[in-house]
2 protein chains.
Amino acid sequence: MGTGDAPELNDLVAARLDAHDHRYTRGRRALVEALAQSAGPVTISEILSRDSSLSMSSTYRNLAVLEDAGIVHRIVTSDEHARYELDDAVTEWHHHHLVCAGCGTVLDFTIPDDLEASLNRVLRRVARANGFTSEHHRLDLIGRCQACG
Amino acid sequence: MGTGDAPELNDLVAARLDAHDHRYTRGRRALVEALAQSAGPVTISEILSRDSSLSMSSTYRNLAVLEDAGIVHRIVTSDEHARYELDDAVTEWHHHHLVCAGCGTVLDFTIPDDLEASLNRVLRRVARANGFTSEHHRLDLIGRCQACG
DNA sequence: ATTTATGCAAATCGTTTGCAAACCT
DNA sequence: AGGTTTGCAAACGATTTGCATAAAT
C-alpha cells in the first residue's frame, strides 16, 4: 500500500463523506493518508505520535466518522488499544490478520480464493440457520512474531 | 453445555489450578459454574449480576487466574465489555463465534471438519511464512440477530 | 451566515490495584 | 504460622464529551 493509489482513494473517500453529509477536512485527510501508508492496522496513539498536528479528541471523532462512512474499519485484537485500517471496500482487498500475542502487532494476509469461497458458503449457511443477517467475517491467526519469540 | 459434565470439569479445573499453584476457592468455582451454564461467552457484568455474592475485584482477578491456567478464554468482540468462556481445551470443543453487531450477543458455531482442516493447513503455512509461531486462530461471523434486525 | 469541525480540559467507565482482614493448609 | 484470597475504596487509562472558537461551504 504505497501512495500511488492516493488520487482515486481520496476521490472515493470524498464521495463517501459527502454522501454522509460530512466534510473532508485536513484532519480527516491526514488520517486517511496515515492509514494508507501503514503496513497494517495501527493504533490511535501510533497515529498521534506520527503526526503531532492531530489532536486526540478530533482524531477519535474523525475515526468514528470515517468508520460510519465505511471508509475505515476498527479492529480490537485482544485488549490494549483499538486499531484502525482502511476498509476492505475502499482498498478492494479482502484480507485477514496475523496478530502477535506478545507485542500486539498486526500483519495482513490472504487465503486462497477457493478456501475463502468455501468459508463464505458455510458462514452464510450458519448465519441463516441462526436468524442472523450476515455482514462479514473475521479470521485472525494468533501467534508470536520472531521478536516476541 | 448443561451441568451434567460438571464433575469431570471440576476435576480438570482443580488439577490445572493446582499445577499453577492456585486454590480452587468458592469464588472460582462460582465462575466456572457460571461459564459452564452459559450458552456462549458472557460479560463480567452479566456474571456479577447473576451471582451477587461475587465481588467485582475478585471476579476480575479470578478470571485472570483462570485464564492464566488455561481454563477460561477472554474474547473481545468489538468494544463494549470483554467476554469470557471456558477454554476449548477444557470443553474439548473447538468452535467459532457468531457476533451480533447490534447487541453484542455471541453464539457458538462450528464448521465442517474438512473445512477446518483446510483452514488449519493454510494458516500454519501463513504463520511460518511470516516467522510466527502459530498458536491458534479465531473465526468470527459478524451480523445482526433477529432482535436487532 | 450557517452549519460542521476542532481542541482543550473535564468527565466516563471498564478495569486494575493498595491494603488490611479473612482463609486455607 | 505462612502464604493466598478477598473486598472495599481509590487509582488508572483509554475513550468520550461539554463548550467556546475556528473552519468550511
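Numbered from 1 within each chain, the chains take letters A, B, ... in sequence-line order. Excluded from the calculations below are hydrogen atoms, water molecules and symmetry mates; all remaining heavy atoms, backbone and side chain alike, are included. This one's a predicted model, so the numbers in the text were calculated from it and none came from an experiment.
At least one side-chain heavy atom of A:L35 sits less than 4.5 Å from a side-chain heavy atom of A:I47.
One atom, OH of B:Y60, and another, C1' of C:dC13, lie 9 Å apart when rounded to the nearest Å. To the nearest angstrom, C1' of D:dA22 lies 13 Å from CZ of A:R26. One interatomic measurement links the two molecules: CZ of A:R61 to P of C:dC8, which rounds to 12 Å at whole-angstrom precision. Rounding to whole angstrom units, OH of residue B:Y24 and C1' of D:dT4 are separated by 17 Å. With rounding to whole Å, A:L31 atom CG is found 13 Å from C:dA5 atom C1'. In this structure, the CD1 atom of A:I47 is 15 Å from the P atom of D:dA14, given to the nearest Å. Taking atom NE2 of residue B:H81 and atom P of nucleotide D:dT15, one finds them 15 Å apart after rounding to whole Å. For the pair A:Y84 OH and D:dA14 P, the computed distance is 14 Å after rounding to whole Å.
Taken from CZ in A:R50 to OG in A:S38, the straight-line distance is 5.0 Å, to the nearest 0.5 Å. The structure places CG of B:L123 at 9.0 Å from NE2 of A:H96, a figure rounded to the nearest 0.5 Å. With rounding to the nearest 0.5 angstrom, the CZ atom of A:R28 is 14.0 Å from the CG atom of A:N10.
Backbone-only engagement by B:T25 is indicated by non-hydrogen atom pairs under 4.0 Å involving sugar-phosphate atoms exclusively. Across all strands, A:N62 comes closer than 4.0 Å only to sugar-phosphate atoms, never to a base (heavy-atom distances). Counting non-hydrogen atoms under 4.0 angstrom, A:S58 reaches a base of the nucleic acid. If you check every strand for non-hydrogen atoms under 4.0 Å, A:R28 touches sugar and phosphate atoms only.
For B:M56, the side-chain atoms get nearest to C:dT16 when compared with the rest of C:dT16, C:dA5, C:dG7. Proximity note for B:R74 (side chain, C-beta onward) versus C:dC19, C:dT16, D:dC19: the nearest is C:dT16.
A donor-acceptor contact under 3.5 Å links the side chain of A:R23 to the base of C:dT3.
Ranked by how close their nearest DNA chain C nucleotide is to the 5' end, A:S57 and B:I44 are led by A:S57.
Although no hydrogens or angles enter the test, the distance criterion places a donor-acceptor pair under 3.5 Å between the side chain of B:D87 and the main chain of B:A89.
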